[in-house]
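For reference, the structure discussed in these notes is given below.
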Amino acid sequence: MAVVKRVLRLDENLSGFYEQAAGDPELSWATSGAGRMIRSATVFEEVIKTICTTNCAWSATTRMVSALVEHLGEKAPGAPETGPVGRAFPTPEAMVEAGEEFYKDVVRAGYRGRYMLALARSVVEGSVDLEVVDAPREELPDDELEKMLLALPGLGPYAAAHVMMMLGRYSRLILDSWTQPKYARLTGRPATEAEIVKRFSGYGSYAGLAFWLYLTRGWIEEPEDAGDTTRET
DNA sequence: CGTCCAGGTCTAC
DNA sequence: GGTAGACCTGGACGC
């Protein structure tokens, strides 16, 4: 039950965001209940998955994550013998046990394999406690949290913003090669990073969530856009 | 078949 | 502190 609550964000209170969105003609639609984004069971899983999104196509992300789950994840009773279905995301211990060749030859993670292994090792040996970053803002301010994430191997500004979103810290905008062109297409003209940040600055600690919902509004009416598997010309 | 690049990051200036 | 170059991979694209 705890995992389900976490994954579905059942405890999250977005009323503060909705109050602001209600006054924004382009986001008022979201007040009917959007924004409760599904997330992973642990911070470790969130970070590894995020590393798998960097500098590659989405198809590569799903391939890498599926390989990790299929080969290293614990199988649920009754789950198929092969394939990622019915398996949990691997523990840090299992990921350390796998060794370098697994990331190179099976996951085909390229240079990312080094980051994943380093992170898993740090967690196992105890030099890094990832789950402590899932602390309330009063204990761990956004700036401090961001610094901790940026210190992890393979995590830069994009990945830190992404993980923070998953942690319910919506202050950062996820700016990458998908979100910026997507924003430009929706508004009908190119925009600099600074202009985008300014557009959502009024949302304060919810700026990142507002930006994301603005970008993904079409996913509700046009779910086929969710994958963006082909280049939009 | 070669080049480019996709939901970036790291290192070396 | 800001910025080129390298970096795994595989699918898309031009020739």
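A, B, ... follow the sequence lines: proteins, then strands. Residue 1 opens every chain. These numbers were taken from a predicted model, which means no experiment stands behind them.
- Lys198(A) is linked by a side-chain contact (heavy atoms from CB on, under 4.5 Å) to nothing, counting only residues two or more places apart in sequence or in another chain.
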**Request:** Using a 3.5 Å limit on both pairing distances, list the dot-bracket string of DNA chain C from the 5' end; Watson-Crick and G-U wobble pairs count, crossing pairs take [ ], interstrand pairs take |.
**Result:** .||||||.||||||.
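- Taking side-chain N and O atoms only, Ser177(A) has no distance below 4.0 Å to OP1 or OP2 of dC5(B).
- Residues passing the side-chain contact (heavy atoms from CB on, under 4.5 Å) test with Tyr203(A), sequence neighbours excluded: Phe17(A), Gln20(A), Ala21(A), Asp24(A), Leu27(A), Arg199(A), Phe200(A), Tyr206(A), Ala207(A), Ala210(A).
- Checking Ser59(A) against Gly110(A), the closest nucleotide of DNA chain C that is more toward the 5' end is the one next to Gly110(A).
- Remark: ring of Trp178(A) not stacked against base of dA6(B); the cut-offs of centroid gap under 5.5 Å and plane tilt under 30° are not jointly satisfied.
- Judged as a side chain to side chain donor-acceptor pair (under 3.5 Å), and not counting sequence neighbours, the contacts of Ser171(A) are Asp142(A).
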Polar-atom pairs under 3.5 Å, protein N or O versus N or O of nucleotides 9-13 of chain B: list them with distances, or write none.
{"from": "dT9(B)", "atom 1": "OP1", "to": "Gly156(A)", "atom 2": "N", "distance (Å)": "2.6"}
{"from": "dT9(B)", "atom 1": "OP1", "to": "Gly156(A)", "atom 2": "O", "distance (Å)": "3.2"}
{"from": "dT9(B)", "atom 1": "OP1", "to": "Ala159(A)", "atom 2": "N", "distance (Å)": "2.9"}
{"from": "dT9(B)", "atom 1": "OP2", "to": "Pro157(A)", "atom 2": "N", "distance (Å)": "3.3"}
{"from": "dT9(B)", "atom 1": "OP2", "to": "Tyr158(A)", "atom 2": "N", "distance (Å)": "3.2"}
{"from": "dT9(B)", "atom 1": "O5'", "to": "Gly156(A)", "atom 2": "N", "distance (Å)": "3.4"}
{"from": "dC10(B)", "atom 1": "OP1", "to": "Gly154(A)", "atom 2": "N", "distance (Å)": "2.9"}

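- Residues meeting the salt bridge (Lys or Arg N to Asp or Glu O under 4.0 Å) test with Asp134(A), sequence neighbours left out: Arg6(A).
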Cut-off 3.5 Å, no hydrogens considered: what does the side-chain donor-acceptor table look like for residues 90-105 of chain A, sequence neighbours left out?
{"from": "Thr91(A)", "atom 1": "OG1", "to": "Ala94(A)", "atom 2": "N", "distance (Å)": "3.1"}
{"from": "Tyr103(A)", "atom 1": "OH", "to": "Met95(A)", "atom 2": "O", "distance (Å)": "2.6"}

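- Applying the side-chain contact (heavy atoms from CB on, under 4.5 Å) rule to Ala161(A) yields the partners Arg172(A), Ile174(A); only residues at least two apart in sequence or on another chain are considered.
- Listed by chain and residue number, Glu12(A), Arg36(A), Met37(A), Arg39(A), Met166(A), Tyr170(A) satisfy the side-chain contact (heavy atoms from CB on, under 4.5 Å) test with Arg9(A) (two or more places apart in sequence, or in another chain).
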